[in-house]
Amino acid sequence: MTKWFAYILVLVTWQSSPAQSSLMSDTIKQLPEAIIVSTSLREGLSGTHQEHWNTDRVPGASHLSVGDFLTQQGGVFVKNYGTGNSATTSIRGGSAGHTRVLWNGLPLEQPMLGQMDFSLLPLAIADEVHILYGGNSAGWGSGAVSGVIQVNNRPDFEDHRLQVNLEQGSFGLWQGNASAGYGTAKWLARTRIFWQQAANDFPYRIRPDLPKKMLEHAFTRQSGAYQEGYIQLNKHQQLAVYGWYQQANREIPPTTQQTLSEASQDDQSLRTAAHWTLWSERTVLHVRAGVYRENLIYQDPRAGEQSTSHFWTVAGEGTWQWHITPHQRLEAGITETWHQAATNAYLATRQQWRIAPFLGYRLTLDDFEILGVLREEVVDGQARATTPSLSLQWQPDGIFQLYGQVARNYRLPTLNDLYWQPGGNPELLPETGWGQEFSMSLQNRNDHFQWKSSLTAFSRQIKNWILWSPLPGQSIWSPQNLSRVWSRGLEIRGQASRSYGKMRFTGDLSYHLTWSTNEIAQTKPLLLAKSQLVYVPRHLAVASLHWQWRNWGIQYRQLFTSDVNTLNAGTLRSYSLGNIIVDYKLSARHTPATGFVRINNLWNVSYRSVEYRPMPGRHYALGIHLEMNLKNKNI
Amino acid sequence: MNALLTSLFTLLLLTATQLSGQDTIGFESFGLPADTFLNQSAGHFASGPVSLPNSYDPTYGSWSGWAISTMRDTLTAGYINQYSCIAGGGAQGSTHYAVAYHYGESIIRLNDTSGLGASIAGFWVNNTTYTYLSMRDGDAFSKRFGGETGEDPDYLRLTFRIYQDGTLSSDSLDFYLADYRFEDSESDYLVKDWTYVDLTSLGHADSVSIAMASSDVGIFGINTPTYFAVDDIVLIKEVSSRKNYPIRTLSIAPNPAYDWITILGSEEVNQPIRIFDLMGKEYLSGRVASHSRLLDVHALPSGIYILRQESPQGELVGKFIRL
């Protein structure tokens, strides 16, 4: 029985797939047996490639937004409108709305646009960031078409630290965050606060022979607080609660084709969630629910515009797992999401209620694993999408692994698609399609030298792709299920780590080749058949080298993004950026500290990731990370 | 006496067929208060014989085609100020003007019922404030003309073609609301003052078709706000210039007349008649008394008038003098 119980706990605390980045196994903390924070077999979908980062192990990252963090890591194209301003993702040739974003398993996307602004997602609230590449709609619902990004918390009841991070950088950057955790073996409370402001008044050149310009009206400020609480109710129950308040004030700078801008955007959000877990010898019941209230105020005094939007989201999920045998596991669950949005353009308050039951089954044999998941999504009482997925994994030994997945994926129309006036189309169908991927990986580990490599091929067809186009004979644009998009590509990843005494080298290399083409020609918008989608780079590559010796660490990362098609200017030229960070750990008995210097865009490359939106050249940041053990200090 | 009158009538008719008149159609008749606009109609806005199509969707509160405006805001950027002309008012000191929200084709239609063969000779055009400021300063969706470097050869162009008897002319006339294509950037300009566009070189215009083109285009089409303003549409009338159907002569007596005239040459007693002066201005319409064929003209000012009567067999035209 003890063996069974341990097995369940290992499964529910972390679904460690061999497909994940090997860095993960270096950085996963040993969790106490009693702690259960995640219960779904979906987190460890065995047929897809996954990457994972423990945020406190990435030097100098705690101040970043998840958008900036993903930009630096590479592999995900982040469409960045400028430092501190809106940032959205494209994974495997999908649009921003094709990335599902989860906060401890609950959806985070803004319901009006159906996408996440990653510049408003601070890394400081997360203990880990996890990416599932590929379609996972069967597991995670609408929008999990090209990938799922999860920001999660992992409570460590033994961790009673006060951590303080301070950073000062170029262009008026000041950032700070602090977290403190305290508790006993039965409970844990952790508080985080974060604050950031930057003038972002960086110089840029339109052309080398033209004088420098300064970006104006680009001040940003963000602040927030995050509270977690975990209680072991008894040996079989745990309750976790979360509260997250955040506000952001952002001036929207002029484009390079705009003389001036007075526009600004204020975002406020209050998100709360509670997770309750009950487990027995063979079953785990997990219920989580979240209530969010978000406000978005856009103002442009010059144009006399003010637009205020309010959203409510109530998200819930209940899952029940049954470990039939040590090799078989069944999971049934139901997901609920209720959105309410009010904005001038809707003419009325709009609501949407989604409910999605799902069922999953995993069979594990000696070296073979199969996972099937089936989901049905019902929107406002109408069945909208049935999505099955089947994942396979074969690992004959500890070195070689084959894994793959066939899945149907979907994205529901956003509230803007349905209700925006003029043009909103309540008759829209969901975007749906099948995706396939296949991977093989090799890895080797010994005390001094570890390496891992993988090759992934994927293909995904999405029909009923939603495009806004003019209604016949009218000037009103309306979303229609017009197009079909075929995304396919290859991903190559390699990682190696070697130790020489107290010196350690780690190298990473990844390359992503993506064709994501519109298959049906359109006149408005003007899209040629077989043309690459806008803002989808065909080539993405990243190489990094991390050298660590005694208390010193140096990490250099070079990223390459090929040219992308844009809405207006044809193509935006490719760019390659180098970033370096040097850190030094001060060994102190109770208050260890780490200082770092970070230089981004080391080679001072002039580039843009969105047309007409300049990005900064070489810029610097100095920071310090302090830790204090609250228990030892008896605070 | 009869011979004298016949000679006089013949002389007048000959003179009239060679005469041309000119009329200017503004929009003051809408009587809007200052800083207001009218963007919804029963399909079109009519000012005299000029008709401006308008489409308004009450569901969305959206419109396209034409609006009538007295807006004077020359400072506020953005679509919220879409009805203002950059001149702060209409042409030649007027308060009312028309604003086009262009999509595909903008039409200025002439409902010429005078029979005088009126034609659109030209009109005054200008930028709206929204479009002007967008081209001057750029906005979140469209570029500042000249682009990032100030060197882009940008333009915003109106292209005019005319409809003649339902057929669109192949000839066209261009007018640039903004032109940054000059070698010397000092010559680049944005139109800010009302400018008269003379269309007479295109021929006799029953209607005018206007197309719009910009150098700032993306996959969604033109990025520049597609608005322009029009005022004081000039009509010319040439009686002899249109001969779409046979014109038969009516006999009118007495001629000259004081209070009453009798129509002598028409068998179509019940067909409506209309009376115009030589400038094409309509003074009377109605039917003659079938038993007497008498028509009361005492309310007409002294002058020369043309009486027209349409019938299935063609048009009947007579001319008389009101003493």
Side-chain angles (χ1 to χ4, degrees), chain A residues 81 204-207 209-210 213 252-263 298 300-307 344-345 347 420-424 467-471 473-478 518 522-528 531 533-534 565-570 608 611-614, chain B residues 39 53-66 73 75-82 84 100-106 129-130 133-152 154 212 214-227:
Chain A
Y81 284 79
Y204 65 95
R205 286 183 193 273
I206 298 295
R207 223 168 48 197
D209 60 313
L210 294 174
K213 292 186 170 186
I252 298 174
T255 68
T256 54
Q257 303 209 98
Q258 203 176 349
T259 305
L260 74 165
S261 166
E262 295 176 6
Y298 173 84
D300 187 351
R302 195 174 134 70
E305 281 184 63
Q306 174 158 334
S307 162
N344 300 343
L347 304 181
W420 188 269
Q421 304 292 341
L467 290 172
W468 283 69
S469 65
L471 291 171
Q474 297 185 43
S475 61
I476 296 171
W477 289 60
S478 176
N518 175 63
Q522 308 290 333
T523 52
K524 276 201 173 180
L526 181 60
L527 297 172
L528 303 176
S531 61
L533 295 191
V534 296
N565 293 332
T566 65
L567 297 174
N568 297 299
R608 295 171 190 177
E611 60 183 343
Y612 311 136
R613 297 284 179 185
Chain B
N39 66 357
N54 160 271
S55 172
Y56 180 80
D57 188 326
T59 308
Y60 301 137
S62 62
W63 70 286
S64 61
W66 295 87
D73 185 346
L75 300 175
T76 305
Y79 83 95
I80 206 158
N81 191 23
Q82 62 185 316
S84 290
Y101 173 33
H102 179 85
Y103 186 78
E105 180 189 37
S106 294
T129 303
Y130 176 25
L133 295 180
S134 172
M135 293 188 291
R136 190 189 73 180
D137 300 328
D139 59 37
F141 306 103
S142 49
K143 70 186 292 189
R144 175 183 59 223
F145 273 25
E148 295 179 321
T149 62
E151 299 167 359
D152 290 0
D154 289 314
M212 205 168 189
S214 171
S215 53
D216 183 14
V217 292
I219 65 171
F220 293 104
I222 296 177
N223 293 322
T224 313
T226 52
Y227 293 81

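Order of the sequence lines sets the chain letters (A, B, ...), proteins ahead of strands, with each chain counted from 1.
- Other residues, nucleotides and ligands contribute at most 12 non-hydrogen atoms within 6.0 Å of the CZ atom of B/Phe141.
- Looking at B/Glu151, the atoms closer than 4.5 Å to chain A (heavy atoms on both sides) all sit in the side chain, from C-beta outward.
- Only the side chain of B/Ser62 has a heavy atom closer than 4.5 Å to any heavy atom of chain A.
- Once rounded to the nearest 0.5 Å, the distance linking OG1 of A/Thr255 with NZ of B/Lys143 reads 10.5 Å.
- When each of B/Asp57, B/Thr149, B/Ile219, B/Leu75 is checked for heavy-atom pairs under 4.5 Å with chain A, B/Ile219 comes out on top.
- Of the atoms belonging to A/Leu347, it is side-chain heavy atoms, and not backbone ones, that fall under 4.5 Å from chain B.
- A distance of 9.0 Å separates OG1 of B/Thr76 from CZ of A/Arg302, quoted to the nearest 0.5 Å.
- With sequence neighbours excluded, the residues forming a ring-ring contact (aromatic ring centres under 6.0 Å, His included) with B/Tyr227 are B/Tyr101, B/Tyr130, listed by chain and number.
- When atom types are taken as modelled, the side chain of B/Arg144 and the backbone of A/Thr256 share a donor-acceptor pair closer than 3.5 angstrom.
- Interface remark: of the candidates B/Gly65, B/Gly78, B/Gly138, B/Ala77, B/Ala77 forms the most heavy-atom pairs closer than 4.5 Å to chain A.
- Interatomic distance, CD of A/Gln257 versus CG of B/Asp139, reported as 10.5 Å (0.5 Å rounding).
- Heavy atoms closer than 4.5 Å to chain B are found in the side chain of A/Arg207, but not in its backbone.
- Judged as a ring-ring contact (aromatic ring centres under 6.0 Å, His included), and not counting sequence neighbours, the contacts of B/Phe220 are A/Trp477.
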